[in-house]
Amino acid sequence: MDFTSGLNDRQKEAVLSIDGPLLIIAGAGSGKTRVITHRIAHMLTQGIPQSSILALTFTNKAAREMSERVRELTKKKLSNLTVSTFHAFGVQILRKTIHLLPGYRDNFSIYDQADKNALIKECARELGMAPDTLDLWEIGNIFSSVKTFRHKWDGDTKIYEKLFHEYQEHLQLYNAVDFDDLIVRPIHILQENPEVLESYRERFRYVMVDEFQDTSMAQYRLMKILSETNRNICVVGDDDQSIYSWRGANYENIINFERDFPELTEIKLEQNYRSTGNILAAANGLIAHNTNRKEKELWTGTGYGNAIEIYYPENEQREAEFITTMIRMLKSRGEIEYHDVGVLIRTNSLSATLEDAFLNENIPYRISGGTSFFQRKEIKDLISYLRIMSNPDDDMNLLRIINTPRRGIGKRTLQRIQETAQKKNCSIYSAISALRYASDSGLGEKAQTDLSDFVSLIEYYREMVFTGKGIAKTVQSLVDAVQYWPYLIGEHQKNESTARWKYANICRFIEMIAQWEETQKEEGRKASVYDYLNRITLITRDDDQDDDDGKVNIMTIHAAKGLEFSLVFLAGVEAHLVPHARAVEEDPANLEEERRLFYVAITRAREKLYITSCRSRRNMRDVLVCEPSPFLTEIPEGLIEDHIGEDELSTEDAVEALSALRAKFASGS
DNA sequence: GGGTAAGCAGTTTTT
DNA sequence: CTGCTTACCC
């Protein structure tokens with residue numbers, strides 16, 4: 001089978017270069033995914049076993065899409081092909097090797113941002129550091145930088161060093177790791193255990209990394225250590241689309257890569273197959289304002305297409321109205337399907353107004369970002385129960401549910417137990433287990449019974465979930481046993497529909513677990529709680545993979561990376577949002593990254609791009625007067641149709657504008 | 001000891 | 001507006 005037909009020469013070259021280091025600089029819309037998937041397919045035809053290939057991506061979605069597309073191409077079952085995110089790959093390594101780290105067992109918990117903050121707070125309290133005077137976010141970031149080799153303790157940060165060690169010790173005590181650990185711990189394990197490293201190198205003889213511009217220093221180390229001897233490493237990226245530096249992404253990795261693998265082949269993909277000439281010219285013109293970039297110019301063989309249109313609605317409600325009206329109109333004229341449309345925003349908070357408008361207008365939409373399903377309180381509660389069943393030493397999760405729903409264990413009691421735990425240097429759960437029958441516990445009789453009941457509850461369900469009753473069944477039974485439904489009603493007395501909605505979420509959650517268990521069984525894998533928990537911690541959003549058809553996509557620009565839509569609305573393109581005031585304030589050098597972000601946004605559009613910039617916008621309490629984004633002036637003249645003179649944009653105006661547009665379409669321009 | 005009401009701060013982007 | 005902490009009351 002030939003997997004190079006239909007590709008251009010550069011793409012072909014990329015697909016056929018299997019051995020040795022390869023750097024592919026792939027501009028927006030240059031068929032990057034196509035190249036990667038075809039390359040993998042080609043490798044398989046060359047007799048390279050699936051199990052030798054490791055493809056690392058940035059998001060779960062990208063991973064899923066990639067393996068899906070390779071499967072379609074090859075029409076083979078690919079159960080041994082490893083396509084995963086860096087973090088998920090880290091989990092995979094840890095599941096096998098974490099016992100090599102002192103104090104850790106393989107039922108470890110993974111802490112997300114929220115857990116992490118809670119733990120930092122907890123540690124600060126223990127050190128007597130007045131937690132409310134601390135900026136947990138900032139500290140969290142410092143801890144991250146230190147962990148991932150980006151930062152050493154210095155004059156400014158030294159005051160947190162002690163807190164950091166406390167934090168690390170607690171993680172170990174709770175048998176827990178944070179997100180950074182998922183990358184960093186595997187590196188340490190591989191470095192310190194040559195035989196383990198050797199086995200991984202033997203296994204993964206071909207490594208590919210997608211979205212290379214967004215890899216962090218730590219991630220780079222991980223991929224490097226794996227491929228240093230085989231040297232079959234292929235990285236694909238675009239420095240112009242590097243938009244995650246705040247999370248440690250280091251576009252200099254491209255330079256590091258050239259240094260560490262000097263014999264590399266470099267291939268540039270500059271032909272754009274996605275956007276019209278106009279859109280591309282706008283994007284090129286904009287990004288040319290950045291100084292620090294690899295020179296490249298995207299080009300397209302297709303025509304210029306429609307002008308980019310900019311509108312200036314009075315406020316965010318009018319903006320939402322404009323967008324929904326446009327969509328409605330184009331849809332009713334059969335020009336678009338809902339799923340052809342992307343509405344892109346800088347911040348999640350901008351989605352609220354849009355969502356309202358879409359609901360009002362009855363336009364189906366899908367929103368990604370924001371609090372994902374798994375972050376909802378009722379779901380997190382249940383996950384915490386599962387966590388405690390699988391790893392009782394996990395104090396953070398224990399504290400979360402020890403009195404949820406209320407079972408009469410109050411803060412006083414908790415404080416006592418925590419003190420005991422601290423004294424004995426053990427987890428809260430062990431402290432309770434030891435205390436509950438002790439006569440000298442210093443606790444009241446009632447407290448003791450309540451605690452005892454709690455431990456029995458956990459033990460009962462722990463037993464249940466591990467003896468093959470199934471996770472879904474266990475959770476269902478647990479929900480009944482702790483009377484979660486009455487609890488929900490009690491919590492939302494004024495608002496029974498919220499209670500019902502939350503309960504529906506729980507049912508959906510249980511269903512999702514059941515489904516997962518089913519698939520695991522079908523594929524002949526054991527459906528262990530550990531695996532389930534590890535998996536869902538890394539899922540942030542887009543859990544509903546199947547029903548994205550027939551819906552408009554509302555998402556942040558970050559979330560839109562790697563996607564494309566025929567029609568794109570770019571909302572809230574105002575001076576304080578694009579570039580985001582906070583980002584620039586933090587460091588003026590961030591301006592270039594903000595520009596890249598805007599570049600990514602523009603290049604998502606295939607045929608038509610609407611930009612809206614509100615003249616005022618409600619921000620929490622007050623109304624802000626807004627200016628258009630300065631980036632708009634960086635788009636070359638002649639590509640834009642500016643509707644700046646048009647006063648107050650009413651729905652009728654939008655309709656009118658649309659008829660004009662329609663006329664233009666008809667005249668074939 | 002435990003629950004409740006008032007008071008207050010708040011999210012830029014995500015694995 | 002909301003969700004969380006704090007202070008207060010049962």
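Proteins come first, then strands; the chains are lettered A, B, ... in the order of their sequence lines, and each starts at number 1. Note that the coordinates shown come from a computational prediction; the quantities given were computed from them, not determined experimentally. Both backbone and side-chain heavy atoms feed into the values below; hydrogens, waters and symmetry mates do not.
In summary, the side chains of A:T215 and A:N253 do present a donor paired with an acceptor at a separation below 3.5 Å, with no hydrogens or angles considered. Between the side chains of A:E122 and A:Q418, a donor-acceptor pair is found at a separation under 3.5 Å.
Ionic pairing of A:D180 and A:K116 is present here: one or more N-O contacts between side-chain nitrogen and carboxylate oxygen are shorter than 4.0 angstrom.
Between A:H558 atom NE2 and B:dT13 atom P the separation is 9 Å, expressed in whole Å. Rounded to whole Å, the distance from CD on A:Q241 to P on B:dT14 is 16 Å. One atom, CD of A:E593, and another, C1' of B:dT13, lie 9 Å apart when rounded to the nearest Å. Straight-line distance from the CG atom of A:L344 to the C1' atom of B:dT12: 15 Å, rounded to whole Å. Between A:K121 atom NZ and C:dT5 atom C1' there is a gap of 8 Å when expressed in whole angstrom units. One can place CD1 of A:I243 at 12 Å from C1' of B:dT12, the figure rounded to the nearest angstrom. Protein atom CD of A:E211 is 13 Å distant from nucleotide atom C1' of B:dT14, rounded to whole Å. Following rounding to the nearest Å, A:K377 (NZ) and C:dC4 (P) show an atom-to-atom distance of 8 Å.
Partners of A:S616 under the side chain to side chain donor-acceptor pair (under 3.5 Å) rule, at least two apart in sequence or in another chain, do not exist in this structure. Listed by chain and number, the residues in a side-chain contact (heavy atoms from CB on, under 4.5 Å) with A:E252 are A:N250, A:I255 (sequence neighbours excluded).
The gap from the C1' atom of C:dT6 to that of B:dT11 amounts to 23 Å, rounded to the nearest Å.
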Inset, instruction - Could you go through the side-chain hydrogen bond (donor to acceptor under 3.5 Å, both in side chains) check for A:D178 and A:Y167 one step at a time? - result: CA-CA 11 Å; A:D178 63 19; A:Y167 171 77; 2.8 Å; yes

Inset, instruction - Apply the test side chain to side chain contact (heavy atoms under 4.5 Å, CB included) to residues A:F164 and A:K147: give CA-CA distance (whole Å), side-chain angles for both, the deciding distance (0.1 Å), then the verdict. - result: CA-CA 10 Å; A:F164 177 72; A:K147 266 198 188 182; 4.0 Å; yes

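The aromatic ring of A:Y244 does not sit over the base of B:dT14, since the test of centres under 5.5 Å and planes under 30° is not met.
At least one side-chain nitrogen or oxygen of A:T556 sits closer than 4.0 Å to the OP1 or OP2 atom of B:dT14. In this structure, A:N348 does not reach the B:dT12 phosphate: none of its side-chain N or O atoms is under 4.0 Å from OP1 or OP2. Under 4.0 angstrom from either OP1 or OP2 of B:dT13 there lies no side-chain N or O belonging to A:R582.
Across all strands, A:F58 comes closer than 4.0 Å only to sugar-phosphate atoms, never to a base (heavy-atom distances).
Of the two residues contacting DNA chain B, namely A:A583 and A:F179, the nearest-nucleotide position lying further toward the 5' end is that of A:A583.
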For nucleotides 2-6 of chain B, print each protein N/O atom paired with a nucleotide N/O atom at under 3.5 Å, atom names and distance only.
from, atom 1, to, atom 2, distance (Å)
B:dG2, OP1, A:G408, O, 2.7
B:dG2, OP1, A:G410, N, 3.4
B:dG2, OP2, A:G410, N, 3.2
B:dG2, OP2, A:T413, OG1, 3.3

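Checked by distance alone, A:R247 brings no side-chain donor or acceptor within 3.5 Å of a matching partner on the base of B:dT13.
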